[in-house]
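Predicted model only: the values in this text are computed from it and were never measured.
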Amino acid sequence: MAGRLRSEASAYLRQHAGNPVDWWPFGDAAFDEARRRGVPVFVSVGYAACHWCHVMAHESFEDPETADYLNENFVSVKVDREERPDVDAVYMAATQAMTGQGGWPMSVFTLPDGRTFYAGTYFPPRAVQGMPSFRDVLEAVSAAWRDRPDEVEQSAAQLAAHLASGQQGNRRLLGPVRAGKSGGADASSGADAAQEHARTLSAAVEALAALEDRQFGGFGGAPKFPPSTVLRFLLAHAAGGASTAADAASLADRTLGAMARSALYDQLEGGFARYTVDRRWAVPHFEKMLYDNVQLLALYAQWARSARDADDRRLALRVTLETADWMINRLQVAGGGFASSLDADTVMDGHRVEGGTYVWTRGELAEVLGAEAAGAVAGLLDLDAGNMAAHGGKPGPDGNIGSTLHFGRRLSPEEEELWLRSRPALLAARNRRPQPERDDKVVAGWNGLAVAALARAAVVLADAGEEAAAERVLSAARDAAAYLLRVHTTGSTLLRVSHDGRGQGIEGLLEDYAAAAEGFFALYAATGDEQWYAAAESLVQAAESRFLLGDTLQDTAIRPNQLANAQGAQAAADPLDGPTPSGAALFAGVLLTYSAYSGSLRHRAMAESLLAHVEVVAPRAPQAAGWAMSVLEFLLGGPRELAVTGTDAAAVEEMLRAARDAGGPGLVVASQVAAQGSGDAAQPGPAFASRVPLLEGRGPGSEPATAYLCRGMVCRRPVSTPAELAELLRED
C-alpha cells in the first residue's frame, strides 16, 4: 500500500505514506500495474511546503471512502514536483492546455502509457461554486474510461500532439547549440551583434519599467513574487554604460528596498517567503523555499556593494547577513547540505494553520513587550495591511485576527533602533511557538546556487568589516560544496536529490549540473582553492556530454517512456525562467565563466548560441529571460578576467578587494598565493603550477601581489598596487 513511500527522499511523499490511498512513486512499475489491471493512472503532484496540497490530502487522500474508490479504479501515483521537475513540467503543460491555468496540488489522469486525457488542480470534497467535487471527477473519469474509450484515446492523442508542438517551439526558440568559432571572431560582425544585443537589453529595461508597480515596488499585481532573475539582470545592466543603466538601477533599488521592508521578508529572523497574495507585499504565502532565498541572498549581497544610497547599502547588508544566518540555522542539514523548504503551515492544537508561527495580534505584542513599548512598535508596523482577516486567518488567544510584522515604508534611524531593540524578545517568543515542518530533501541544483550565494555573501561581508560573519558564511558554503561532492556525485554523474546523507532517485537535470558548477566556480573565486575549480570544470564537461544531443540541448539526460509518450518523442530544453533560472540559461552562464578561465573559444561560442533566444524574448517577456539577459550582459562586458598572484596573502586580498569595489558583477577572478619560503616562489616570473589556465605564466613577480587584467586571455600590463588596478578597471 502507501508504505511504498516510506523510504523516499521526498518529505512530501513520506507525508502520504500512511494514507489509505495505495500510492506508488512515479516509475515503470506503477504504469505497468495500470496496464496489467486495465485502469487509468491518477498522478497527484505537489510539494511538502504547499498549503493546498495539505488541504486536499486531509479532505480526500485521508478519507477512507475516497481512497477505496481510487484503489479500485485507478493506480495512484504521488509526485514531488521538486524532486521530479521533469514529470511536473510535462503534466503542468497538459493541465494548462486543458484548463488554461495551473498550480498545486495538480491532479492528472493518464493512460497506462503516460499520455494525459484529463487534468485539473485542487478539487474540493464537495461541489462548490461550480467546481466539481473530487469524487465527482473520479466517477466521471472512470465512466469515460469504461464507456467511451475511443474518446479517451482521441483526447490523449490530441493533447500529446499539442505538447509535442510545444517541444518543437522550444527547439526553435533556443535554436541549435553551435560550438564553432565565437561570434566575436569577426570584428565587424561581432561589433554589429554587440550593438544589437545592447539595444535588446535596453528594450528589456524599458519593458520592465512599463510593468513596474511604482507605488509598492515589483512588477505587476497580486499575487506578487520576488522577480529574482530579473533583478539579477537589472543589477548587471546598472553596472554597465548603457543609456538605460540608471533606469535599471532605479528599478532594482525600488524593488529590493520594498521587498526588504515588506512581509515577504521575515522581519524577525530573516529569509523570504515564496510570494505575497496581495499587491502591497503585506500578506505572504508563508512557505520559505531554498531556491528563492539563495537567489535573493546573492542579490542583496550585490546590492550591498552597488546601491547608490547609503541607507540602502546598510539595509542590504543587514538582509544579506540575516538571510545567510537564517539559511544556516534553519535549513542546513547534518553533513552540510541545505534542506528544500519550510512549510507554509504550522500544526497547532492538531490543526494545520497557514502562517500560524508568524502572525501576531496586538495583545500578543503587548504580552511580550509591555503595553507602552508594544504601542510604539505597532506604530512602526503596517498591521492593518498585514491583517490576515481577509485571507482566512484565525483569531488568536485574545480573540483578534493576527497580522504580519512589516513596515511598508522606510524607517528613520530612531525607528530602526527601536525595532532592532524590540526584535530579540519577539523572536524569542516566536521561537517558543510551534514551528513549521522542514522538507529535509537536498536538491543538487538549489544547493549549487546556495554555495554561490553564500560564497559571494561572505566576500561582501568581509569587505564590509563583518569578518566573523564572513567566515561563518564561507564555512557553510564550503560544507555545502563538500556535501555535493561527497553525497551527490558518483564518478561524473550528479544525483538530483538526497536525504539523510544518501543520494537517491534520478540523475540530476541540466539545471542541477549547471547550478552546481555555478556554485563551485563562485567558491573558487572566493577562496582560490583549486579543488572547487576542478569540480566545476568536471561538471561543465559532464553536462556537455549528457545534455547535448547533436546540436539540441535537453533538460534531461534520461527521459522516462511515459514522458516521451506524453509530449512527443523529441524533447528540447525550455529556455525560459520560472521561479528558478532555466537550465539553459544557467548552462550558458557557466560555459561563459569556464571560457573566461580556460580560454576555450568553443565554450564561449556555445554560450553565445544559447543566448540567441534573448533577442526574441527580452523585449516582449523580460521576466521569462532574466538569468539569460544577465549572462548576455556579462558577455558584452567581456567578461573581464582578473588573475592576481603573489607571495603575501594580505596583499593579494587587498588587490582582490580593490577589484571587487571597481570591477562590477561580471568580473571573473582567479588568485593564488605562493607558499612563503618555497625556493624561487618570490622571484619574478612563473613560480608555481596551476590547473587554471588564466593563472598560467602569471607568477607573482617581485612584488607582494601582482594583478593581470585580461580579455580573451590577452592581458594588459601587470600592476602591483590596488590603486593601479582600480584605474585599469575604470579605463577598461
Side-chain angles (χ1 to χ4, degrees), residues 2 13 16 19 21-46 52-53 56-57 59-61 63 65-81 84 86-125 127 131-164 560-568:
L13 268 60
H16 291 80
N19 289 170
V21 177
D22 184 17
W23 292 113
W24 295 67
F26 188 92
D28 290 341
F31 289 88
D32 289 345
E33 177 68 5
R35 188 176 295 107
R36 184 188 69 79
R37 289 176 51 196
V39 298
V41 179
F42 168 56
V43 182
S44 175
V45 185
W52 285 101
C53 299
M56 189 168 178
E59 293 173 342
S60 296
F61 304 146
D63 176 61
E65 291 185 9
T66 302
D68 287 345
Y69 193 88
L70 274 169
N71 295 342
E72 182 177 350
N73 295 282
F74 300 87
V75 168
S76 298
V77 173
K78 180 59 70 174
V79 176
D80 180 347
R81 74 173 182 94
R84 296 301 304 266
D86 55 335
V87 176
D88 178 65
V90 171
Y91 291 129
M92 181 60 75
T95 301
Q96 291 172 331
M98 296 196 78
T99 69
Q101 60 185 3
W104 301 276
M106 183 163 57
S107 304
V108 180
F109 298 89
T110 83
L111 305 181
D113 65 6
R115 290 177 296 157
T116 304
F117 66 91
Y118 186 75
T121 54
Y122 164 78
F123 292 108
M131 184 183 296
S133 72
F134 185 51
R135 181 61 179 264
D136 290 341
V137 170
L138 294 178
E139 291 176 353
V141 169
S142 292
W145 176 267
R146 181 181 62 249
D147 302 332
R148 302 187 301 281
D150 291 344
E151 292 180 18
V152 169
E153 170 61 33
Q154 183 180 17
S155 176
Q158 290 175 343
L159 188 54
H162 175 77
L163 298 187
N561 291 331
Q562 296 82 14
L563 301 186
N565 294 332
Q567 66 173 7

* side-chain contact (heavy atoms from CB on, under 4.5 Å) assessment of M92 paired with V108 -> CA-CA 9 Å; M92 181 60 75; V108 180; over 6 Å; no
* Asked: Checking side-chain contact (heavy atoms from CB on, under 4.5 Å) for the pair F61/S76: CA distance, chi angles, key distance, verdict?
  -> CA-CA 11 Å; F61 304 146; S76 298; over 6 Å; no
* Asked: Going through the checks in order, is the side-chain contact (heavy atoms from CB on, under 4.5 Å) test met by V75 and R37?
  -> CA-CA 9 Å; V75 168; R37 289 176 51 196; 3.7 Å; yes
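Looking at heavy atoms from C-beta onward, F117 lies in side-chain contact with P40 at the 4.5 angstrom threshold. The shortest side-chain heavy-atom distance between T121 and T99 does not fall under the 4.5 Å cut-off. Between S107 and F123, some side-chain heavy-atom pair lies under the 4.5 Å cut-off. Taking the side chain as every heavy atom from C-beta outward, M98 and L159 approach each other to under 4.5 Å. Residues P560 and R84 are in side-chain contact: their nearest non-hydrogen atoms beyond the backbone lie under 4.5 Å apart.
For L13 against P25, the heavy-atom pair with the smallest separation is CD2-CB, 4.5 Å. Among all heavy-atom pairs drawn from A127 and D136, the shortest one is CB-OD2, 4.3 Å. Summarising the geometry of M106 relative to Y91, their closest heavy-atom pair is SD-O, 3.6 Å, with the distance given to 0.1 Å. Nearest approach of R115 to A160, heavy atoms of both residues: CD-CB, 4.1 Å. The two residues R35 and P112 make their nearest non-hydrogen contact at NH2-O, 3.0 Å. Contact record, L111 with V41: O-CG2, 4.2 Å, taken as the closest heavy-atom pair.
If you check the side chains of W104 and D88, you find a donor sitting under 3.5 Å from an acceptor.
Under a 3.5 Å cut-off, the side chain of N73 and the backbone N or O of S142 do not form any donor-acceptor pair. Of the possible polar contacts, none joining the S155 side chain to the E151 backbone as a donor-acceptor pair under 3.5 Å is found. Remark: side-chain polar atoms of D63 are not paired, donor with acceptor, to backbone N or O of E59 under 3.5 angstrom. A donor-acceptor pair is defined here as one N or O able to donate and one able to accept, closer than 3.5 Å; such a pair exists between the side chain of W145 and the backbone of G38. Of the possible polar contacts, none joining the N565 side chain to the G114 backbone as a donor-acceptor pair under 3.5 Å is found.
Note that CD of E153 is 10.0 Å distant from CD of Q158, once rounded to the nearest 0.5 Å.
Applying ring-ring contact (aromatic ring centres under 6.0 Å, His included) to F134 and the options Y69, F109, F42, Y122 leaves one that passes, F42. Tested against F74, the residues D22, V39, V21, L138 include a single side-chain contact (heavy atoms from CB on, under 4.5 Å) partner, L138.
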